[in-house]
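Below is one structure, written out as structure tokens; the observations come after it.
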Amino acid sequence: MEFKESLPVESTKWLKTVVAFANCYGGMLIVGVTDAGKVVGVPEDSAFTLLDSMVSAICDLCTPQIPMSTSVQDLDGKSIIILEVFPGNNGPYYLKSLGEREGTFIRIGGTSRIADESMIHELTLQSSNTTFDVLENHEIELTEERTRRICEGLSSLNGSSVTESTLRNAGLIRSSHGRDIVTNAYALMCDDSPFRYCEVRCAVFGGEVETDFLDRADFGCPIYNQIGEAYSFVKRNLRLQGRVRGLYREDRCEIPLVAVREAIVNAIQHRSYVDSNKPIYVALYEDRLEIRSPGGIPSSLSVDLIKQGRSYQRNPAISMLFRAAAISEGWGNGVKSIIRTCREYDLPEPLIENSGIDFTITIFRPGFEGSPLQSIPQSDLRRRILSAIESDPGITALGLSTLLDVPQRTVEREISSLKREGVILRTGSSRNGQWVVHRVS
């Protein structure tokens, strides 16, 4: 939802929001309300004229046709315009004057940003009802030796029998114009894959921010091997906890290994492979494990629906093959299982985040008290953030990240803590608002 006190004269300033809504999860543009939520209204005698001009601008200046509904409503005795944009199925949607490359916008948090080439490609695939993993790959040849290594590698994981027929049924090998071709999914399963930068990057950090590396490793294709390698990396860096059951002491990992594996499988199986240069990050901090994979969730899903067991097959060929190899079950219960097993360990509920461009699962380690917004101990980072805010009250989280050379998600976590404690307050919008510091801790 985005508020506009009045409609900007320059149409691009609000049309890019409309385009971003259509390319992502939909949204509402409400005219006659300030960023702070105060209803100021629009002149009643011109409300419908303004609404008609908005609809005309969208139809004339955006393409393809954007699905929407409009209305003029009375709120607190004042007229406001509500433009509801629905997630579209014919993307990418863009501004005609800027063209597809510069005029395609997506929604990230509370801002509209230009989509990069990989996002435009993914939007195009969605509109054509196809997926990247089933597209023909021209960089690697189908050979008996490659196929044998894929089948043997997958079969060795859990004892399932994976054959060439399995690969064909899943869509890794298919016939086209009388000849056999291989798809991107096949290439991702090869140990000599052309997707040489499609990695899982693992690291252990000595604190709660990305500062000192204690351990690190990168794992390339085949992607099915990344599961076991990333899992083993995390497992060897976790602590054991002892508990007494009856007459015996039982040692177990501090966080459930089932949850670790499910989160890693989820990241590899459902990530976006359109931009194969973007890695999956598996980061173990003093207080948490974060697993971040490229590609936000589709507009048909939400974080809440995923928690309930709903799923979407971004990579249907890979998903089918993983089911055949008993790597995943295919019922969409991965996130539910992660949440349930963490609850059984008396850990806080994992944090599930969708930024629009990536998907993150955070599992908290023992000793992390309260919710993900609970304050963390005073740190140099906290002091630096407060100092920067006092110097520039209008600075954003992205600006703080750039200024302090700290990842944006780390900055946002510290800001959330400060807001919860009442140390700082944000007035106005995330983009145009101001910070107010109540006390320095």
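Worth saying up front: this structure is predicted, and the values here are computed from it rather than measured. Position 1 is the first residue of the sequence, and the numbers go up from there. For the numbers below, each heavy atom of this structure counts, side chains included, while hydrogens, waters and symmetry mates do not.
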| task | Look at the side chain of Thr183 and the backbone N and O of Leu172, then say whether any donor-acceptor pair between them is shorter than 3.5 Å. | result | yes
| said: For Asn90, give me all partners under side-chain hydrogen bond (donor to acceptor under 3.5 Å, both in side chains), at least two apart in sequence or on another chain. | reply: none
| said: Strictly distance-based, threshold 3.5 Å: is any side-chain N or O of Asn23 a donor or acceptor partner for the main-chain N or O of Pro92? | reply: no
| remark: The salt bridge (Lys or Arg N to Asp or Glu O under 4.0 Å) partners of Lys307 (sequence neighbours excluded) come to Glu349
| Contact summary for Arg271 and Cys198, nearest pair of heavy atoms | NH1-SG, 3.6 Å
| said: In the structure I gave you, are the side-chain heavy atoms of Ile280 and Pro294 within less than 4.5 Å of one another anywhere? | reply: yes
Can you list, pair by pair, the side-chain donor-acceptor contacts under 3.5 Å of residues 52-70, counting residues two or more places apart and other chains?
residue : atom : partner : partner atom : Å
Ser53   : OG   : Leu50   : O            : 2.6
Ser56   : OG   : Asp52   : O            : 3.0

| task | Looking only at non-hydrogen atoms, find the nearest pair between Leu404 and Arg384 and report the distance. | result | O-NH2, 2.8 Å
| Closest contact, heavy atoms only, Pro316 versus Gln313 | CD-O, 3.6 Å
| query | Under the 3.5 angstrom rule, does the side chain of Ser401 hit a backbone N or O of Ala397 as a donor-acceptor pair? | reply | no
| task | Sequence neighbours left out, what passes side chain to side chain contact (heavy atoms under 4.5 Å, CB included) with Leu257? Give chain and number order. | result | Tyr231, Lys235, Leu238, Cys253
| task | Show your working on side-chain contact (heavy atoms from CB on, under 4.5 Å) between Phe219 and Cys202 and close with a plain yes or no. | result | CA-CA 8 Å; Phe219 305 111; Cys202 300; 3.8 Å; yes
| query | Between atom OG of Ser337 and atom CZ of Arg261, what is the distance when rounded to the nearest 0.5 Å? | reply | 10.0 Å
| request: Test Pro350 against every option in Ile255, Val335, Ile338 by the side-chain contact (heavy atoms from CB on, under 4.5 Å) rule and name the one that passes. | output: Ile338
| query | Which heavy-atom pair separates Cys24 from Pro87 by the least distance, and what is that distance? | reply | O-CB, 3.5 Å
| Does one side chain, of Glu329 or Asn333, offer a donor that lies under 3.5 Å from an acceptor on the other? | yes
| Is the shortest side-chain N to carboxylate O distance from Glu286 to Arg239 below 4.0 Å? | yes
| request: Would you check if the side chain of Trp435 reaches a backbone N or O of Ile395 as a donor-acceptor pair within less than 3.5 Å? | output: yes
| message | Once salt bridge (Lys or Arg N to Asp or Glu O under 4.0 Å) is applied, do any residues pair with Glu44, and if so which ones, sequence neighbours excluded? | response | none
| query | Is the backbone N or O of Ser118 less than 3.5 Å from a side-chain atom of Asp275, with the two atoms forming a donor-acceptor pair by type? | reply | no
| message | Between Leu418 and Leu386, does the side-chain contact (heavy atoms from CB on, under 4.5 Å) criterion hold? Intermediate values first, please. | response | CA-CA 9 Å; Leu418 290 167; Leu386 289 173; 4.1 Å; yes
| task | Could you verify whether a donor N or O on one side chain and an acceptor N or O on the other, from Arg288 and Thr362, lie under 3.5 Å apart? | result | no
| query | With distance as the sole test, does Ser127 use its side chain to make a donor-acceptor pair with the main-chain N or O of Thr124 at under 3.5 Å? | reply | yes
| request: Give a yes or no on this: more than 12 heavy atoms of other residues, nucleotides or ligands lie within 6.0 Å of atom CZ of Arg310. | output: no
| Non-neighbouring partners of Glu117 that pass salt bridge (Lys or Arg N to Asp or Glu O under 4.0 Å), sequence neighbours left out | Arg101
| said: Check this for me, if you would: do Arg236 and Asp215 make a salt bridge, where the nitrogen-to-carboxylate-oxygen distance has to be below 4.0 angstrom? | reply: yes
| query | Which pairs count as ring-ring contact (aromatic ring centres under 6.0 Å, His included) when at least one residue sits in residues 18-72, sequence neighbours excluded? | reply | none
| field | Partner set under salt bridge (Lys or Arg N to Asp or Glu O under 4.0 Å) for Asp116, not counting sequence neighbours | value | Lys278
| field | Expected output: side-chain Asn225 to main-chain Cys221 donor-acceptor under 3.5 Å | value | no
| task | Scan for ring-ring contact (aromatic ring centres under 6.0 Å, His included) pairs involving residues 68-118, sequence neighbours excluded, and state none if there are none. | result | none
| message | Using a strict threshold of under 4.0 Å (side-chain N to carboxylate O), is an ion pair present between Glu262 and Arg340? | response | no
| query | Ile181 versus Ile173: any side-chain heavy-atom pair under 4.5 Å? | reply | no
| Say you draw a straight line from CG of Asn354 to CD1 of Ile306; how long is it, rounded to the nearest 0.5 Å? | 7.0 Å
| Residues forming a side-chain hydrogen bond (donor to acceptor under 3.5 Å, both in side chains) with Asn315, sequence neighbours excluded | none
| Ignoring hydrogens and geometry, is there a side-chain-to-backbone donor-acceptor pair from Asp74 to Ser79 under 3.5 Å? | no
| Value rounded to 0.5 Å, distance of NZ in Lys16 from CD1 in Ile106 | 13.0 Å
| said: Tell me which pairs pass ring-ring contact (aromatic ring centres under 6.0 Å, His included) where either residue lies in residues 260-292, with sequence neighbours left out. | reply: Phe205-Tyr285
| field | Evaluation steps, side chain to side chain donor-acceptor pair (under 3.5 Å), between Ser355 and Asp358 | value | CA-CA 6 Å; Ser355 73; Asp358 53 35; 2.7 Å; yes
| Hey, is CG on Asn277 packed in by over 12 heavy atoms from elsewhere, all under 6.0 Å? | yes
| query | For Arg196, does its backbone N or O pair with a side-chain atom of Ser193 as donor and acceptor, under 3.5 Å? | reply | no
| task | Can you sort out the partners of Ser272 under side-chain hydrogen bond (donor to acceptor under 3.5 Å, both in side chains), two or more places apart, ordered by chain and number? | result | Glu122
| task | Answer yes if the side chains of Thr131 and Asp133 hold a donor-acceptor pair under 3.5 Å, and no otherwise. | result | yes
| Counting only N and O atoms by type, is there a donor-acceptor contact under 3.5 Å from the side chain of Thr17 to the main-chain atoms of Leu29? | no
| note | Smallest heavy-atom separation, Pro393 atom then Glu390 atom, equals CD-O, 4.2 Å
